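Order of the sequence lines sets the chain letters (A, B, ...), proteins ahead of strands, with each chain counted from 1. Model, not experiment: these values are computed from the prediction.
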Amino acid sequence: MDNLDTISWILIGLVSVGYVGTLVFMGTKRRPELLIGTALGAPLFAYGLSMLAEVALGEGAKSLGMRHVVAPAALFPLVWGWVAAMSDGRLAKWMAGWTLALLVLVVYLSVGGAVPAVRDAVWFGEDHVPASTTWRRITNLVCVVGLVLSVWAIREHWGQFTATRRGETPGPRRAMRVCVAALGVALTTLFISVWNRGVEVNHFPSQTMSEVLVVFSLAMLVAMFVLHFVLRLRDFGYGWEVLGAFLVFTAFLSTLAVNVHASTLTTGQRDLPPALQSYWFPPHLAALIFSYATLYLAGILAIAWFAARFWSGTFLGGRSVGSQLLVLGLLTLLPFAQLLTIPVLIVCGLVWLALKTEDALPQLEGLAAVEKTMDQVSFRAFAVGIPFLTAGLFMGAFWAQEAWANYWGWDSKENAALITWLVYVIYIHLRMLGGYRGEKAMSVLVGGALSVFFTFQLFGYFPDSQKSLHRYTDDGVVPQEGQMGGDPGSNQQARLDDGGSTQRGG
Amino acid sequence: MTADEAPKEAPALVRPAEGRWAGGVCAACAKATGWPVWLIRLAFLGSASMLLLAPWAYIVAGSMGATWALAGIGAAGPLLYTGCALSIPYEKPIRGRFTWDFVSSTTMLLVATVLGHFVLVQTTPYWNAGRAAVLEDGYVGWVSWIGRYMEDPGLSLRDVLFGLFLLSSLVYAFLSRRALGNFFRSMNVGVAVVALFMGAVGLGVLVPQIDGFEDLKKRVDLEREYEDLVRFESNEWEKLPRALEDGHEQYSAFRWAEGYFLYHVLHLYGIGMPSKEELPATVVESLDRFGDKYGKEERDNREKQMTTAFAAGDRTAEIAEFIARHERRLWRAFELSTWLHLNRTYESDWFAALTFLMFLGVLVNAFKYPLSRLLGIQKIGFFTVHVGMMILLIGGGVSKGCTDRGIIHLDTRYAPTDIFYNFYDTNQPTKLPFHLRLDRFARQDWKTLEVHFPDERFTSRVPSYTLWEGRTFDLDYVEDDDGTERPRLRFEVLGLHESAAVGVPFVEEAPADDASGTEPLFEYEFESQLRADEMVRGLMIPGFEQHELHHPDFRLAARHGEWSGSGPIPADWFPAQEGRLGVLKTELASEGDATAVTVPLQIGARIEVAGGFQVVVRDATSNFQLDLDSAQVLRDPRPLEEQPYVRTAVWVDVYPPEEGGEVEPRRILLEDIDPVAHDRQSRFLHDELVIRYEWNRWEAPGPPRHVVHWGGSDGGPVLVAETGEIEPLRRGEALPLPGTDLEVVALDFYERARVSHNDMIFAEREIGDDGWDESFYSTDPKGLELAVTFDPGTPEERTETIELASVRDSAASLWFSPDDSFYVEFYENTAMMPFEWRSVLSVLKEDNAGELYEASLGSERQREIRVNDYLYFEGYRFFQTNAIPEIPTYSGVGVVYDPGIELVILGMYTIIAGTAIAFLVRPLVKNRRGESATAS
């Protein structure tokens, strides 16, 4: 750990030299769009640097915001390298060398224990961890490989797309097959992890938040695997397969991020309280989590749609400044934008940039068809998720009916889930009856994904959640003796507590 | 305008038949007034948004005038807009449907909701009386009730006027049925009603809901003054008047929940919150030692919890400060949400009205198309969903109208009862149409193992391992020669048994050259208190509290070494501190382990404990008894040393850290009921301070103490009395204990005893064909077969199989490692949530003569209720809901009468089926037919 400071300083130096070097490079190449693209990443770079500085200064990067911002920051040079590689040979070499150096250091750093979360996530050489942890780490490693593979797939489909545009015969599809295979491997290893966790804790592993999150990761991989075949993006053409590869990339990245986050939470075994010992527990949880994962992917598509719209306005014009600002505001000011919308915005920008360097920017009329297809694709993803959301929600009601003869207790988690469901009900009506397409339908989808996020992760902050029966997932919340509503023993107990000085009531 | 100016032709006030309503109306208004369209739009929207600002004006500024003004302007905008829209003619005669847009339909729906609210408020007395009549006489009850009402009190003018209003409303609705149909068939109206409903549900999430919502009278009493609460909180009143107590409780909960929420909203991403501090180096060092023994995962989890708790403590303080700063605003928000029924949203009349509107929308739209079309693959899924939704809402309505929920207090010691208490009001008894008897009740706890390393002194709690067959865990990590870490111990659960009979342990003296794993041991026997003439054998290992012999007349312990057999007796043999009872273990609730402070427990002393709190131990008893009927404490009047040791309790006064803070008087502590695990903490005034204690029977006042000692080099074993008298002891002879009838016979004094429990007998669980598990109700100790492997994976690996029984304070529940480095303890963990509670109920009906007879409900399994498995009888459902650990014969059984359940469940299944058809089956079918499913 002692040489950590030195390494961090080397890292800071490398990042800075690389960054400044790229800027200088671009200045000499007279490529203003690349310059702008690089400058766009500046705030993220600054943030990443500040984190490294904290490590170097020995303060540790512990705040929530930082951890989350660092992920896209680290992603940036990678994507950048590939984009640059597509446009300029020399730049590509420069970028590739720099990225490689960075990667080597990051790996060394994580192995050395600088960033425990990252190390915990991929480092499985350590002895004496439960099998579930080992398998989760293997999955994370597969996801890292998957990230590289999906970038390859993006590159390959991109090549096929441009080849067809030039009238050449596109090359064979290879990368995506490998990618989907990696997806299959990842979901198998993560399934083994979840299975092992079940054995280790002796019940369906969804009681603590760290367990639920890993199940969510698994659901995301399964959802992506299913969606890959349901969406059938091949039918739409090579350009759409780029989007498909991008989705796979997102699924790998999200799995990795969620798993890393899960490993920062407490992982102790906790016994199931009597109310949770029901056969409804696994299907209720599984259906909801699978639907969350699918709807999350639909939400990403909707966000990508908005990002594409923003960039088309930027590159092609045809949109008012007001609507551009609105979209930008929506994408950057959403809660926890740094996790999702900003990275998507950046990646989309890079794709547009690449399109421009290839001189393949679509025409405005062509865009309409693209947007329509994207709308269809997001609806398909939604259509897979909604039956599971409905089933999961009502399975909770069946369960509550068996436990307390009360199918709906207006518990705040139930209500949050109901709100999510109603958002999608509105989406169906607007889309299928109102014929809403494009920005309106898409913004409802984004709203739905947000609602899922609130229900799933932020629910504990809502005022009415303080006495919810669904708070068992929080750390440090002890399930109560009386599991239903008021505590009828309370006045008896109150008498007991004041030493029996008051008289017994009615 | 001057006279000679030709009057301009009035601009045509027409709105286009085509195009959107909102735009059309605004354009028409603009045309009429000559103002720009954006101004008109701004005026409408701006005024409507005033409606949202009105509550804030009250909450933030506290100005009633501003609030009403804003509300007036806010209501005027949408109403004016709708009025304009209705009064402006179309360009062309309207053909087809009238188009509702979002603004106008939302306005109409809100108006209808408010109207529905008032209708429901007005009719509440009729509903309640009618419902009571129906419950009594069946549905004809309604008719007879109307007859009775006509006679007494007779129709009032108010009744007549209200009846006329309802009648005219119905006639109006009938006459404008087409318009109504158009209204509900509009997609915009449908979306608006769902959105409003969603918003209403959301309001209920953002405002903490009051538990006593089922009884209107239990709602907050708005008559009372805020100052009353302030006076109460500033300690001017000793106790809040009973009428205000509930309200105060509700307000406190509201204040905390909203403060917590708003604090986090204002500190998004954790910006500005107190940062997570690094744990102190001593804590980390202690954690590392802890990790060496209990493994890295356990260690890391402890660290995560501590770090979170440290930050949470600071944050809690900041939230409290935030709340104090905004106290008045929070109070006004509370008042407002009470006034608008927001803190009982889901039971409010406006919510019912809104739900009814949604039902109408679903009803009208479900049958929008001809049946043949509805049943085609394109529509059938959606049709099914709508039908399901209708069934669900009807069922919900039935539930709302007819549900009775409560709790029935049953006790195996008592006669059958037909009285149950409505939830949230234990003072309001209701009668069941039959009696209920509790035949059996039991709680089974998780079988748990703890592994202690007595040489290590950890401030952290020792982890407890819940056991199941096959569970394996590694402990005590050591570094090998090559630097790799390996566990020194592996535990594997070979078997768990529902019943264990403990025989007499077998003891033998080990040879002097093989003393590993041996202890000095005193073997004795005494006459059984249960069966006369039967001798019970006992073992005593020096230094183990569990092995001491406690009797009403004397206390006996063993000591080995420490003393040569002559000279002064070591002082710690008979600690004699006035009022010393054991140790107090305190910690702060929010920070847990990290703040743990352990201090001596002594009556009368003012003791400094965790978090700067101080406690004074007021009183203690070793004979804590509860009158099970009244739940009152039966005080043993004798002094502590004369009380029998049954169950200990301690009363303490808690002084807060700040000067002059309120003192919490006489908090009761029970050793065997953990205040956190059993949720007792929230009932204390200073709920931040967790206090537990361990009673030490040797140190506490009690009968005379004696110590058995092996003696020095010069003499044989002796009995040392507290008074200093020393008597020699001989094998086979009774101990010279004065003042007791009980004869304790010394059998043997081992220097290197090896103990084995090889005659433990385990019985297996027997589960009947119908799932009946008799062993659940057994109070026998549980049995454990455990494999302990030393140095697993190394050439020195060896395994020992041990058998343990969960007998409290007995050697059978303990096993000491041969090298004394650790011992394991097997027990049933009563401190935590149990594994499960089960009750067996009997239903007793009354025959014509008023005699009770048992209704046949089948076997015990069929009459058994468990959590997640209720009993159904004549419309009533009974489920396991509550238990009080202090009263083991008591079972709180939830009672529900709800005829809507079946309909709702049917509706839900229908909806699930409908969604699956619409979104999973339909695309597949269409795919097969070669159509595009998404092109709809």
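Both the backbone and the side chain of B/Val201 come within less than 4.5 Å of a heavy atom of chain A. If you measure heavy-atom distances from A/Val423 to chain B, the contacts under 4.5 Å come from both the backbone and the side chain. With a 4.5 angstrom heavy-atom cutoff, B/Leu392 touches chain A only via side-chain atoms. Both the backbone and the side chain of A/Leu433 come within contact range of chain B, judged by heavy atoms closer than 4.5 Å. At a 4.5 Å heavy-atom cutoff, the contact between B/Tyr909 and chain A is made by backbone and side-chain atoms alike. Only the side chain of B/Arg471 comes within contact range of chain A, with heavy atoms under 4.5 Å apart. Heavy-atom distances place both the backbone and the side chain of A/Gln277 under 4.5 Å from chain B. There is no contact between A/Tyr279 and chain B, counting heavy-atom distances below 4.5 Å. For B/Phe254, no part lies near chain A; criterion is any non-hydrogen pair under 4.5 Å. With a 4.5 Å cut-off on non-hydrogen atoms, B/Met908 touches chain A through its backbone and its side chain both. Interface remark: A/Tyr436 contributes side-chain atoms only to the contact with chain B (heavy atom separation under 4.5 Å). Only the side chain of B/Asp898 comes within contact range of chain A, with at least one heavy atom under 4.5 Å from a heavy atom of that chain.
For the options B/Ser399, B/Gly914, B/Ala918, heavy-atom pairs under 4.5 Å to chain A are most numerous at B/Ser399. Heavy-atom pairs under 4.5 Å with chain B peak, among A/Ile426, A/Thr267, A/Leu422, at A/Thr267. In terms of heavy-atom pairs under 4.5 angstrom with chain B, the leader among A/Pro130, A/Pro387, A/Ala400 is A/Pro387. Counting heavy-atom pairs closer than 4.5 Å to chain A, the top-ranked of the candidates B/Glu836, B/Glu298, B/Arg486, B/Arg635 is B/Arg486. Comparing B/Pro487, B/Gly295, B/Gly190 by how many heavy-atom pairs each has under 4.5 Å with chain A, the most go to B/Pro487. Interface summary for chain A: among B/Val867, B/Asn301, B/Leu206, the most heavy-atom pairs under 4.5 angstrom belong to B/Asn301. Interface check for chain B: of the options A/Val384, A/Leu389, A/Leu272, A/Leu393, the most heavy-atom pairs under 4.5 Å are formed by A/Leu272. When each of A/Ala391, A/Gly268, A/Ala403, A/Gly435 is checked for heavy-atom pairs under 4.5 Å with chain B, A/Ala403 comes out on top. With respect to chain B, the highest number of heavy-atom pairs below 4.5 Å among A/Val199, A/Ile386, A/Asn202, A/Leu430 belongs to A/Asn202. With respect to chain B, the highest number of heavy-atom pairs below 4.5 Å among A/Phe382, A/Phe388, A/Phe394 belongs to A/Phe394.
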Audit row: A/Phe379, B/Phe919, side chain to side chain contact (heavy atoms under 4.5 Å, CB included) steps and yes/no: CA-CA 10 Å; A/Phe379 183 76; B/Phe919 293 106; 4.0 Å; yes

List the steps and the verdict of side chain to side chain contact (heavy atoms under 4.5 Å, CB included) for A/Arg270 and B/Thr466. CA-CA 9 Å; A/Arg270 230 190 278 175; B/Thr466 303; over 6 Å; no

| task | Start with the C-alpha distance between B/Phe197 and A/Leu418, add both sets of side-chain angles, then the distance that settles side chain to side chain contact (heavy atoms under 4.5 Å, CB included), and finish with yes or no. | result | CA-CA 10 Å; B/Phe197 184 77; A/Leu418 177 66; 4.2 Å; yes

- Task: Test side chain to side chain donor-acceptor pair (under 3.5 Å) on A/Gln401 and B/Tyr870 and set out the steps.
- Result: CA-CA 9 Å; A/Gln401 198 281 129; B/Tyr870 59 64; 2.7 Å; yes

Passes side chain to side chain contact (heavy atoms under 4.5 Å, CB included), B/Phe879 versus A/Glu402? Steps please. CA-CA 9 Å; B/Phe879 53 95; A/Glu402 282 179 20; over 6 Å; no

query = Can you check side chain to side chain donor-acceptor pair (under 3.5 Å) on B/Asn868 and A/Trp399, steps first, answer last?
reply = CA-CA 8 Å; B/Asn868 284 317; A/Trp399 181 2; 3.0 Å; yes

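Here the straight-line distance linking atom CD of A/Glu200 with atom CZ of B/Phe473 works out to 13.5 Å at 0.5 Å rounding. Taking OG of A/Ser278 as the start and CZ of B/Arg866 as the end, the distance is 12.5 Å to the nearest 0.5 Å. To the nearest 0.5 Å, the span separating CG on A/Asn406 from CD1 on B/Ile901 amounts to 7.5 Å.
Counting heavy atoms from C-beta outward, B/Tyr465 and A/Gln269 have side chains that stay 4.5 Å or more apart. When side chains are defined from C-beta on, A/Pro274 counts as touching B/Trp837, because their heavy atoms get closer than 4.5 Å. Residues A/Trp421 and B/Ile911 are in side-chain contact: their nearest non-hydrogen atoms beyond the backbone lie under 4.5 Å apart.
In this structure, A/Asn415 contributes its side chain and B/Val205 its backbone to no donor-acceptor pair below 3.5 Å.
Between B/Gly395 and A/Tyr407, the shortest heavy-atom contact is O-OH, 4.1 Å. The minimum heavy-atom distance linking B/Ile912 with A/Phe398 is given by the pair CD1-CE1, 4.0 Å. B/Val896 approaches A/Trp404 most closely through the heavy-atom pair CG2-O, 3.8 Å.
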